[in-house]
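First comes the structure, then the notes that go with it.
First the proteins, then the strands, lettered A, B, ... as listed; each starts at 1. Both backbone and side-chain heavy atoms feed into the values below; hydrogens, waters and symmetry mates do not.
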Amino acid sequence: MEHYMMNLSLKVWRQKNAADKGGFVTYPVKNISSEMSFLEMIDVLNEELIRDGKDPIAFDHDCREGICGACSMYINGRPHGPWEANTTCQLHMRAYKDGDTIVIEPWRANAFPVIKDLVVDRSSFDRIIQAGGYISVNTGNAVDANAIAINKDNADASFAAASCIGCGACVAACKNSSALLFVSAKVSHLALLPQGEPERRSRALNMVAQMDKEGFGSCTNTGACEAVCPKEISIENIARLNREYMFAGASVSK
Amino acid sequence: MVNPANKRKLEIIIVGTGLAGASAAASLGELGYKVKAFCFQDSPRRAHSIAAQGGINAAKNYQNDGDSIFRLFYDTVKGGDYRARESNVHRLAEVSVNIIDQCVAQGVPFAREYGGLLNNRSFGGTQVKRTFYAAGQTGQQLLIGAYQALERQVALGNVEMHSRHEMLDMVTIDGKARGIICRNLVNGELERHFGHAVLLCTGGYGNVFYLSTNAMGSNVTAIWKAHKKGAMFGNPCFTQIHPTCIPVSGDHQSKLTLMSESLRNDGRIWVPKQKGETRKANDIPEEERDYYLERRYPAFGNLVPRDVASRAAKERCDAGYGVGTTKQAVYLDFKFNLINKYGKAEANKHGIENPDTETLIRLGKELVKEEYGNLFDMYEKITGENPYEVPMRIYPAVHYTMGGLWVDYELMTNVKGLYCLGEANFSDHGANRLGASALMQGLADGYFVVPYTIGNYLADEIATKPIPVSHEAFVQTEKAVKERIETLMNIKGKQTVESFHKRLGKIMWEKCGMARNAKGLQEAIKEIQELKKEFWTDVRIPGDINEMNPELDKAGRVADFIELGELMCKDALDRNESCGGHFREESQTEEGEAKRDDENFAYVSAWEFKGESNWELHKEKLEFEVAKPSQRSYK
Ligand SMILES: Cc1cc2nc3c(=O)[nH]c(=O)nc-3n(C[C@H](O)[C@H](O)[C@H](O)COP(=O)(O)OP(=O)(O)OC[C@H]3O[C@@H](n4cnc5c(N)ncnc54)[C@H](O)[C@@H]3O)c2cc1C
Ligand code: SF4
Ligand code: FES
């Protein structure tokens, strides 16, 4: 891979805390290598800010390999930036060229209040899982793992849905701030397995009810969520959730 | 044993919600204990267990290839180069089978065969196929299973979850662990929490090397504080350097990314036979490639244990055969199996006769994608190269720490009521961990060990009423934590936390890394002591105490890493033998293989903290009744 250096202009959302109004601040960054990751570029800027006696930019991140779901930057109008099926931490600077301006904002949704700068509170996702995103089986209750054969296609589809990393990009991309892709991924993961069968009805109903309670918007099927999902969670899962919901004797379309 | 009514009166603190912590919290909550769990991420689902890729071992013998509990036990003791405690390892092998059952019942979508039954792959250091997996995302799927079980207990009111909280000290009363002091990372406030027992499940400390495959936040702080309050640290220098990671690309590098060991099932490792080779990998003909693992270790080939594979890669690069711009890399090549294994299998299935190479590659790709798809994508995103077309470039990187708090068979440290689970303890892997065994250990500890052993301790605690956090011990401990934070903030020096961390990492990697010698270790100890002084006089931490302040969080962690670094070097210096991942240059065979010294070093080093730069070594002698030590050979 050809490697090059670039100078960029970053417009970053700065907000001291939840009460602060917040606003954009522009920072020039120099000598950025095309081999750096996007977060390493922010590291460079932060080191400079600290040396200059300024407050570095706060952002969530941990694994830096696209699996923990912590990183969450809204980059030039798109969650996780320009690459397909990608997280912010996996975005590399070869996606940009010398002289580019990059606008960086936090996820924006009522159910994800800003804590500081680019860090938001996503605990609403945990509460949605608490509402029913599990199979009720205590430790020690299990039968032999091979006692139930599971059709490979279902197992694979279940796995694909279970690969959601809970990042919230789907919410950030949605004009209604709906969390339906996230919820449907969990409902599908469990509904596609025989182990998930006994709780199918209550799971779909309770998770959707909690989602509404948290203040996420409703789904109008624009598909913006699927387009930005780093794990390519399919919108078909939403259709499955709708079926589950109907099967449970209710309707999600409100 | 504790009866159900009494369990409700007993409170348990669990720090960490990775596989070990989440499984323990869920299981203890189910049993009826009052559990409080803590993690520094914004959700328990983000613990670094989520990043584990390749798989989890279990002695199910579903493949009918002669696996058994005994064989898993034996492989683990041998793989650990006879530096693990036999009894703990045997229990681990026994419960391994229950783990898979439990996970499947929770809905963990492991890979399956067309017949609907579970599939397995092989991993290094073994000759059976006993590894269960979910593509290259096994850790994610297992953690989500444990996380969901944990959230279910939160919903039921049995577990109280505190995310974005960091434990900064342990509270002891009359020699027993009774609680923790932690900092709310959102508003910076210190909090006191009581527990009849405290479980530390805080993961590994590989980030002492700055660059590692661990997450950015992985740290030693919780167990280090416990160590300074009396808990002994077991085998601190035992570090696993994983052979297959994406090499460093420049000074900006903030972490290293693993390419799962499972890839060695299908990838062949090689370097050019010619020094200073300049041709591209694909232009180097077959006969000019040195498949050095297959050459040196014909019995295990590319599947030798990690320590052996890492040293062999270093040996080739040091000798001038490395590849890529930095020459600090070797090739991991999938072409052969893409064509011969996967391509031919697909061609057969579709009844294609005499397929050409192009067709075989096309067909093979589909299967490889299913096995490892996300890993190949990850590689391409980082390097910009497509590993289906050109071989991966890989190099060893710090990955796992076998050392950790010393625990007994019940997973209790020498401090009463303080338990340690998962990667944070020293217990099961000796001097080298076999692939796919950390996930197994984390879940064994949390689901099937601690729920039983903790009752033995808590049975005597039934009469102890919850101690109010206004108790003097809580007040004093909190005061000390507060003062330390204030001291850090008031240094107002010139150098950033990150720059100190990088310097520590460099010392550790060069002098306490893949090869160690007495002179280097002695130098490292001095350099670390100096670095420590410099840190405490010149570090600069921006922002305030009472707000979200990631630099302050990091400063506390780096300060602890610096102290740990010194102990690791001291331990490595004391252990004048080579074993597993610990390679002392003074102790090697003529062929350059690690030479163990059972006569003098068949013990666990348990270090007791005595004061600044001062530790006392206790030795737990290791007895091998069943797996008799022999020179490990993978030839
Ligand atoms: C990239 C990678 C791939 C791997 N692949 C495999 C594999 O295929 N198979 C295998 O068997 N093993 C694998 N391993 C190893 C394995 O994943 C880990 O050893 C294991 O998951 C550790 O689990 P744990 O529960 O002990 O710790 P972790 O999952 O690291 O959890 C630590 C927890 O402690 C919390 N914590 C830490 N410090 C504090 C503090 N001071 N205060 C509050 N909370 C704190 C964190 O928030 C987190 O919740 C891999 C490791 C890595 C890095
Ligand atoms: S569905 Fe996709 S975008 Fe939404 S939380 Fe899951 S991984 Fe993120
Ligand atoms: S930091 Fe973990 S997904 Fe980006």
Side-chain angles (χ1 to χ4, degrees), chain A residues 1 17 33 35-36 39-40 43-44 47 50-51 53-56 58 60-70 86 90 92 94 115-116 119 122-123 125-126 129-131 133-139 141-146 149-152 155 158-159 162-163 166 189-190 193 195-196, chain B residues 26-27 30 41-43 45-46 48 50-51 60 62 98 100-102 104-107 109 112-118 134-135 137 140-141 144 148-149 151-152 154-155 163 186 215-217 249-250 252-255 257 378 381-385 447 451 496 498 540 542-543 547-548 550-551:
Chain A
M1 200 79 218
N17 52 44
S33 150
E35 287 189 70
M36 282 183 192
L39 296 184
E40 283 165 351
D43 291 343
V44 170
E47 286 291 284
I50 298 168
R51 283 200 195 90
K54 296 186 184 132
D55 214 18
D60 264 324
H61 65 116
D62 200 25
C63 73
R64 294 207 177 185
E65 49 187 68
I67 194 75
C68 75
N86 199 59
Q90 289 184 297
H92 275 64
R94 60 178 181 279
I115 296 175
K116 181 176 185 176
V119 178
R122 284 171 290 193
S123 52
F125 270 15
D126 288 334
I129 299 297
Q130 283 159 27
Y134 45 74
I135 288 168
S136 298
V137 51
N138 282 358
T139 307
N141 282 352
V143 297
D144 184 86
N146 261 351
I150 302 177
N151 163 303
K152 185 172 184 328
S158 170
F159 167 70
S163 65
H189 160 207
L190 300 172
L193 299 171
Q195 290 86 349
Chain B
S27 305
E30 287 161 10
Q41 291 94 346
D42 69 327
S43 164
R45 68 178 294 150
R46 306 203 204 284
H48 197 49
I50 201 90
K60 279 286 197 186
Y62 283 163
N98 306 37
I100 303 303
D101 299 342
Q102 184 63 29
V104 167
Q106 288 171 343
R112 287 178 185 270
E113 312 256 19
Y114 282 100
L117 301 180
L118 294 166
Q137 287 153 253
Q140 179 196 32
Q141 295 309 316
I144 286 176
Q148 288 173 184
E151 293 296 356
R152 174 170 161 250
V154 172
S163 298
V186 174
M216 302 302 286
S249 75
H252 55 262
Q253 196 91 29
S254 60
K255 75 152 276 157
T257 301
M378 209 191 282
K381 279 172 190 161
I382 292 172
T383 63
E385 289 174 359
Y447 285 136
T496 63
E498 200 71 10
R540 168 180 293 188
E547 63 169 350
M548 173 172 268
E551 284 295 311

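The CD atom of Q253(B) sits 5.5 Å away from atom CD of E40(A), with the distance rounded to the nearest 0.5 Å. With values rounded to the nearest 0.5 angstrom, H92(A) atom NE2 is found 7.0 Å from S249(B) atom OG. Atoms CZ and CD, on F159(A) and Q141(B) in that order, are 5.5 Å from each other to the nearest 0.5 Å.
When all heavy atoms are compared, the tightest approach of M548(B) to I115(A) is CE-CG2, 3.9 Å. Listed here is the closest heavy atom pair of D101(B) and A145(A): OD1-N, 2.8 Å. Contact record, E65(A) with A51(B): OE2-CB, 3.8 Å, taken as the closest heavy-atom pair. A pairwise comparison of heavy atoms in T139(A) and S27(B) identifies OG1-OG, 2.9 Å as the closest pair. Residues Q148(B) and L190(A) approach most closely at NE2-CD2, 4.2 Å, considering heavy atoms. Nearest heavy atom pair, residue A105(B) against residue V137(A), reads O-CG1, 3.7 Å.
Counting heavy atoms from C-beta on, the side chains of Q90(A) and I382(B) never come closer than 4.5 Å. Contact annotation: the side chain of I50(A) approaches that of R540(B) to within less than 4.5 Å [non-hydrogen atoms, C-beta and beyond]. Side-chain contact between F125(A) and D42(B) is absent, with no heavy atoms from C-beta onward closer than 4.5 Å.
For the pair N146(A) (side chain) and L117(B) (backbone), a donor-acceptor distance under 3.5 Å is absent. Within the 3.5 Å criterion, the main-chain N or O of S136(A) finds no donor-acceptor partner in the side chain of R152(B). Between the side chain of H189(A) and the backbone N or O of P109(B) there is no donor-acceptor pair closer than 3.5 Å.
When S43(B), G250(B), S163(B) are compared by the number of non-hydrogen pairs under 4.5 Å with chain A, S43(B) comes out ahead. Heavy-atom pairs under 4.5 Å with chain B were tallied for V119(A), D62(A), V143(A); the largest tally goes to D62(A). Ranked by heavy-atom pairs under 4.5 Å with chain B, the list A155(A), S158(A), G133(A) is led by G133(A). Ranking D55(A), I129(A), D43(A), L39(A) against chain B, the residue ahead of the rest is I129(A), based on heavy-atom pairs under 4.5 Å. Top candidate by heavy-atom pairs under 4.5 Å with chain B, chosen from L193(A), N138(A), N151(A), is N138(A). Between chain B and the residues N17(A), N86(A), V44(A), N141(A), the most heavy-atom pairs under 4.5 angstrom are made by N86(A).
For Q140(B), the side chain to side chain donor-acceptor pair (under 3.5 Å) test picks out Q137(B), with sequence neighbours left out. Checked against salt bridge (Lys or Arg N to Asp or Glu O under 4.0 Å), K381(B) has no partners two or more places apart in sequence or in another chain.
Q106(B) touches chain A through backbone and side chain together, each having a heavy atom under 4.5 Å away. Heavy atoms closer than 4.5 Å to chain A are found in the side chain of I144(B), but not in its backbone. The parts of D126(A) that come within reach of chain B are both its backbone and its side chain, each placing non-hydrogen atoms under 4.5 angstrom from that chain. Contact annotation for S33(A): only side-chain heavy atoms (C-beta onward) come within less than 4.5 Å of a heavy atom of chain B. Looking at E547(B), only its side chain comes within 4.5 Å of chain A, counting heavy atoms on both sides. For chain B, the nearby parts of I150(A) are the backbone and the side chain; heavy atoms of each come within less than 4.5 Å.
When each of R46(B), R45(B), Q41(B), M216(B) is paired with C68(A), the side chain to side chain contact (heavy atoms under 4.5 Å, CB included) condition holds for R46(B) and for no other.
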